[in-house]
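Below is one structure; the comments refer to it alone.
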Amino acid sequence: MNITEAINAYFQRPDIRKQAIEDLSAIVSIPSVASDAEGIYPYGKVCAEALDKAAELAKKYGFTVENHEYHCMSVLYGDSENEIGIVTHLDVVPAGDGWSVEPYALTVDGNLLLGRGTHDDKGPFIQSLYTLRFFKENGIKLPFTVRLILGSDEEVGSSDLEYFVTVRKPPMFSFTPDSEFPVCIGEKGILSVEVEFPALEGEIKAICGGTVTNAVAGTAYAIVETEKELANTEFITVSKDENGTRISAKGKACHAAMPESGVNAIALLISYLIENGIAEIGKTLAFIRDSAEEYLGKTLGINAENADFGYLTCVGGVINGDGQKLVQSYNIRYLPETPYEEIVSAIDCSVSAYGGKVKVTSQSDGYFVSADDKKIKALTDACESVLGIECKPYTMGGGTYARWLPNTVAFGSAIESERMYLGDERGGPHQRDEYISEKEFFGGMEIYSRALLNLSEIL
């Protein structure tokens, strides 16, 4: 039996598949949403509980475990000073409403494994752990140590990895299974800003829209004092309340990394206000409308594109305004070749005519690795050998751990053809009924095993 046959046979074994699903169930059952520090637990007791459970599983299979003061944890296979990293996280976003199953209990439905974190990123942790099991239980020694890093703050800010690099040397090369196959060789930089404009005047007493800054606003409303007869439309609902006339807009929310599929409710709302003579063309709200209506950053004077990443995106995510001040947030996914300070300066020039002042609320650099890099080819070849299709490296606007650790790329574990079994806005990371399919779950283990073997031949 050659090594390819050995990998396939191992992950087809009924006992291994049963154990893997049981281990996934154990880790999914912990609602590890990061919270404020509690004593020695920097992200709260529940995130620490998830790390402890992961350590229990790793030790059960004979691996060495390092606890980095509950910021993160390492599972080690090998004794070489040279390391390859696999970087996952055990913190999850809150479950939210609308689930058809219990979010913090693994549900097996046909070939789908449902539960919060199954795809992002507890499932990939189990995939990575079982990849190490394959090598250990088959007595295969690699020329490097594999360091499986388990974080607890990926969904909030990645301060866990910031801590990790203060206590351990980063591996010479790492991948994070927190995206899609094949290999993501580049992520755009991410810049979030707030622009504060002068207070609302006239008939508009308050305006509010969006829920998070890194998403296209799905809803928005304004409270106005007016005698005008206002009609409902396809996207607008008008009602009365104790504060005046409430005008509500319904758009389509989507992640700021992929704004093409969204409809910004802030733009719909302001357009309605302008059409009905409540807001004015050429004034602040019209400028905000224009900036939220498009997602290329043209209104702010920051549009750009290149061959590797396509175009910069800019999303007006949250607006809040009253008689005291008016604040509009923007989430910008920019080309790594551009210093973010240049983007901030351009925005400042564009908003100054409306009395706007720019404040940077967060920023992280992107990265880019050549598709011709031999390590990228090693990962790509592993992906093609399992999936049986051509796999071309890609770039994206989303953000993963890869931007926080040197010499790291995103690699799996989603398979595009497996992602839409439950339809739009259900089943994906951060969505209700989050799942990983069995093809993704066990296929990823095969891909990662082959990837490490490929890397062992060139490093």
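None of the values given here were measured: they were computed from a predicted structure.
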Test side chain to side chain contact (heavy atoms under 4.5 Å, CB included) applied to F442 and I21, I447, N8, I436, the passing residue |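 That would be I21; it is the only one of I21, I447, N8, I436 passing the side chain to side chain contact (heavy atoms under 4.5 Å, CB included) with F442.
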Member of N264, V315, N331 meeting the side chain to side chain contact (heavy atoms under 4.5 Å, CB included) criterion with P259 =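 Answer after filtering N264, V315, N331: V315.
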Would you mind reporting whether [Y] and [X] have side-chain heavy atoms less than 4.5 Å apart?
X: V409; Y: Y367; value: yes
X: H255; Y: N214; value: yes
X: Y330; Y: T299; value: no
X: I149; Y: T88; value: no
X: K325; Y: F197; value: no
X: Y70; Y: D52; value: yes
X: F144; Y: L452; value: yes
X: C391; Y: I389; value: yes

With rounding to the nearest 0.5 Å, note down the distance linking [atom1] in [X] to [atom2] in [Y].
X: Y448; Y: F135; atom1: OH; atom2: CZ; value: 13.5 Å
X: L113; Y: S25; atom1: CG; atom2: OG; value: 10.0 Å
X: E83; Y: L459; atom1: CD; atom2: CG; value: 13.0 Å
X: L112; Y: E434; atom1: CG; atom2: CD; value: 12.0 Å
X: Y311; Y: E305; atom1: OH; atom2: CD; value: 9.0 Å
X: D160; Y: L150; atom1: CG; atom2: CG; value: 10.5 Å

Look at the side chain of [X] and the backbone N and O of [Y], then say whether any donor-acceptor pair between them is shorter than 3.5 Å.
X: E5; Y: N2; value: yes
X: S158; Y: W404; value: no
X: S345; Y: E342; value: no
X: N67; Y: E69; value: yes
X: T395; Y: D308; value: yes
X: S350; Y: D348; value: no
X: N454; Y: A378; value: yes
X: D153; Y: S159; value: yes
X: T145; Y: S80; value: yes
X: R17; Y: F11; value: yes

Checking side-chain polar atoms at under 3.5 Å, does [X] have a donor or acceptor matched by the opposite partner on [Y]?
X: Q127; Y: Y130; result: no
X: Y295; Y: E260; result: no
X: H430; Y: E155; result: yes
X: S35; Y: K45; result: no

All N/O donor-acceptor pairs, side-chain side in residues 174-181, below 3.5 Å, sequence neighbours left out:
| unit_1 | atom_1 | unit_2 | atom_2 | d |
| --- | --- | --- | --- | --- |
| T176 | OG1 | V87 | O | 2.6 |
| D178 | OD2 | H89 | NE2 | 3.2 |
| S179 | OG | Y394 | OH | 2.9 |

Can a cation-pi geometry be assigned to K188 and Y334, taking NZ or CZ under 6.0 Å from the six-membered ring centre and within 45° of the ring axis?
->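 No; the conditions do not both hold, so K188 does not lie above the ring face of Y334.
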Verdict with reasoning, I376 to S370, per side chain to side chain contact (heavy atoms under 4.5 Å, CB included) = CA-CA 8 Å; I376 302 303; S370 170; over 6 Å; no
Does CD in E416 sit with more than 12 non-hydrogen atoms of other residues, nucleotides or ligands closer than 6.0 Å?
->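 Result for CD/E416: open.
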Tell me whether [X] is salt-bridged to [Y], with the criterion being a basic N under 4.0 Å from an acidic carboxylate O.
X: E22; Y: K18; answer: yes
X: K53; Y: E56; answer: yes
X: D433; Y: R116; answer: no
X: R168; Y: E66; answer: yes
X: E187; Y: R333; answer: no
X: K252; Y: D424; answer: yes
X: R450; Y: D381; answer: no
X: R133; Y: E137; answer: yes

Please assess S329 against E194 for the test side-chain hydrogen bond (donor to acceptor under 3.5 Å, both in side chains), listing each intermediate value before the final yes or no.
-> CA-CA 4 Å; S329 77; E194 290 180 350; over 6 Å; no
Mind listing the closest non-hydrogen atom pair of [X] and [Y] along with its distance?
X: Y104; Y: V33; answer: OH-CG2, 3.8 Å
X: S128; Y: L148; answer: CB-CD1, 3.6 Å
X: V318; Y: G210; answer: CG2-C, 4.1 Å
X: V369; Y: D373; answer: CG1-CB, 4.0 Å
X: S152; Y: C47; answer: O-SG, 4.0 Å
X: Y435; Y: M420; answer: OH-N, 3.5 Å

Could you please spell out the steps behind the side chain to side chain contact (heavy atoms under 4.5 Å, CB included) verdict for D23 and Y61?
-> CA-CA 12 Å; D23 289 345; Y61 300 125; 2.6 Å; yes
Could you please spell out the steps behind the salt bridge (Lys or Arg N to Asp or Glu O under 4.0 Å) verdict for R419 and E440?
-> CA-CA 9 Å; R419 282 290 88 212; E440 290 173 309; 2.9 Å; yes
Start with the C-alpha gap between Y43 and D36, add the side-chain angles, then the distance that decides, and say whether side-chain hydrogen bond (donor to acceptor under 3.5 Å, both in side chains) holds.
-> CA-CA 6 Å; Y43 309 114; D36 293 337; over 6 Å; no
H68: partners by ring-ring contact (aromatic ring centres under 6.0 Å, His included), with sequence neighbours left out |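 H68 satisfies ring-ring contact (aromatic ring centres under 6.0 Å, His included) with F164 once adjacent residues are dropped.
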Salt bridge (Lys or Arg N to Asp or Glu O under 4.0 Å) between D79 and K141: does it pass, once the steps are laid out?
-> CA-CA 10 Å; D79 53 17; K141 185 174 176 59; 3.1 Å; yes
Take N303 and L312 through the test side chain to side chain contact (heavy atoms under 4.5 Å, CB included) and record every step on the way to the result.
-> CA-CA 6 Å; N303 53 301; L312 170 152; 5.6 Å; no
